[in-house]
2 protein chains.
Amino acid sequence: MSENARIYQLPGPRGLDRLDHRPEPLWREVLGHRLRRLRLHRGETLLETAAAAGISPQYLSEIERGRKEPSSEMIAAVAGALDTDLLDLTEQVTAELRRESRAAPLEPTPSRATTQAMLALAA
Amino acid sequence: MSENARIYQLPGPRGLDRLDHRPEPLWREVLGHRLRRLRLHRGETLLETAAAAGISPQYLSEIERGRKEPSSEMIAAVAGALDTDLLDLTEQVTAELRRESRAAPLEPTPSRATTQAMLALAA
DNA sequence: CGGTTCGTCTGCCCTCGGCAGAACGCCTCC
DNA sequence: GGAGGCGTTCTGCCGAGGGCAGACGAACCG
């Protein structure tokens, strides 16, 4: 549990709760976000999931943070390691994108303004 | 319309109607398939859509055939050229994956056996 | 037949995927 | 306090492959 507490102390909600500020986030961002969510939900470390997927933990970290563009085989490998598949993943990515598009209206919602203020403080 | 007639005379249904024989197809295959469907539905050539997306027609062809792994920015650019977005695309990819998973039960369906016979003849 | 259009093949430059080692932050223990 | 362990991110770098231009093949038309 201490690991989870540590995770929540990471730099900011941006890594976990906010995607990029573009009109629409990029595929790798949403995907990565979803993969991290799944991994944390299973209570696994980068090391464990990466090992199960046959990749390095460093690389999995970058995938989750949308820093690298995983190949389709990599996506499949990580999905397998998380006991899910491409169908589930794309479904969840779709759901997340839908949530995002609803959460980004022309007028800022209170939680959105709060998040931006938090980001300004962090910067 | 002659262009469409020509398209249907391409090497086989595999390019358009059958994805890979793996338990689950790869992301780039389903995505590419979907992108080609969209483009053809709009009656556009590779040249037109590629130009609108700011990429080469050769490259778009490869993306559509699942030969190359497009970056997230490329996916967004092609989506934009096809007047769609990532949300729509992932939604359709999900739908297609669902269809695929239903179309691949343990016992072969008649259409599946027919397709395999066709592929054997083509090989 | 030659010309045109469309899609695919091929070779290649250069960007970035994927890794290993280093660094960082946090926690526990002595 | 320091040492050690753990989890994650940073950094540098080799080689895989993204993306392109030119060539090629198939189909169609006059």
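Chain letters run A, B, ... following the sequence lines, proteins first, then strands; residues in each count from 1.
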Looking only at C:dT10, C:dG7, D:dT8, the nucleotide nearest the B:Arg39 side chain is C:dG7

message: When you measure from the side chain of A:Thr49 to the backbone of A:Leu46, do you find a donor-acceptor pair of N or O atoms at a distance under 3.5 Å?
response: no

Can you give each donor-acceptor pair under 3.5 Å made by side-chain atoms of residues 51-58 of chain B, sequence neighbours left out, with the distance rounded to 0.1 Å?
unit_1  : atom_1 : unit_2  : atom_2 : d
B:Ser56 : OG     : B:Tyr59 : N      : 3.1

Checking B:Glu64 against B:His33: is there a side-chain donor and acceptor pair closer than 3.5 Å? no

*asked:* Under 4.0 Å from OP1 or OP2 of D:dC10: is there any side-chain N or O of A:Arg65 that close?
replied: yes

To the nearest angstrom, the CD1-C1' distance between A:Ile55 and C:dA20 comes to 14 Å

In B:Arg36, B:Lys68, B:Arg67, the residue satisfying side chain to side chain contact (heavy atoms under 4.5 Å, CB included) with B:Ser61 is B:Arg36

- Query: Looking only at atom types and distance, does a side-chain atom of B:Glu24 sit under 3.5 Å from a main-chain N or O of A:Leu86, one as donor and one as acceptor?
  - Reply: yes

To the nearest angstrom, the CH2-P distance between B:Trp27 and D:dG18 comes to 15 Å

Between the protein and nucleotides 21-23 of chain C, which nitrogen or oxygen pairs come in under 3.5 angstrom?
unit_1 : atom_1 : unit_2  : atom_2 : d
C:dG21 : N7     : A:Gln58 : NE2    : 3.4
C:dG21 : O6     : A:Gln58 : NE2    : 2.9

From CG of A:Leu46 across to P of D:dC10 the rounded distance in Å is 12 Å

By side chain to side chain contact (heavy atoms under 4.5 Å, CB included), A:Gln92 pairs with (sequence neighbours left out) A:Arg34, A:Leu38, A:Asp88, A:Leu89

task = State, with a plain yes or no, whether a side-chain heavy atom of B:Arg65 is found less than 4.5 Å away from one of B:Glu29.
result = no

Whole-Å distance, B:Glu62 CD to D:dC20 C1', equals 10 Å

The complete set of salt bridge (Lys or Arg N to Asp or Glu O under 4.0 Å) pairs with one or both residues in residues 44-55 of chain B, sequence neighbours excluded, reads B:Arg42-B:Glu44

- Between A:Arg36 and D:dT9, does any side-chain N or O lie under 4.0 Å from OP1 or OP2? yes

Contacts of B:Glu69 meeting salt bridge (Lys or Arg N to Asp or Glu O under 4.0 Å) (sequence neighbours excluded), chain-then-number -> B:Arg28

In whole angstroms, the gap separating C1' of D:dT8 from CD of A:Glu48 amounts to 13 Å

Taken to the nearest whole Å, CD1/B:Ile75 to P/D:dG18 is 12 Å

Every protein N/O lying under 3.5 Å from an N/O of nucleotides 15-17 of chain C:
unit_1 : atom_1 : unit_2  : atom_2 : d
C:dG17 : N7     : A:Lys68 : NZ     : 3.4

- Under 4.0 Å: is that the gap between some side-chain N or O of A:Ser61 and OP1 or OP2 of D:dT9? yes

Taken to the nearest whole Å, CG/B:Leu60 to P/D:dG18 is 15 Å

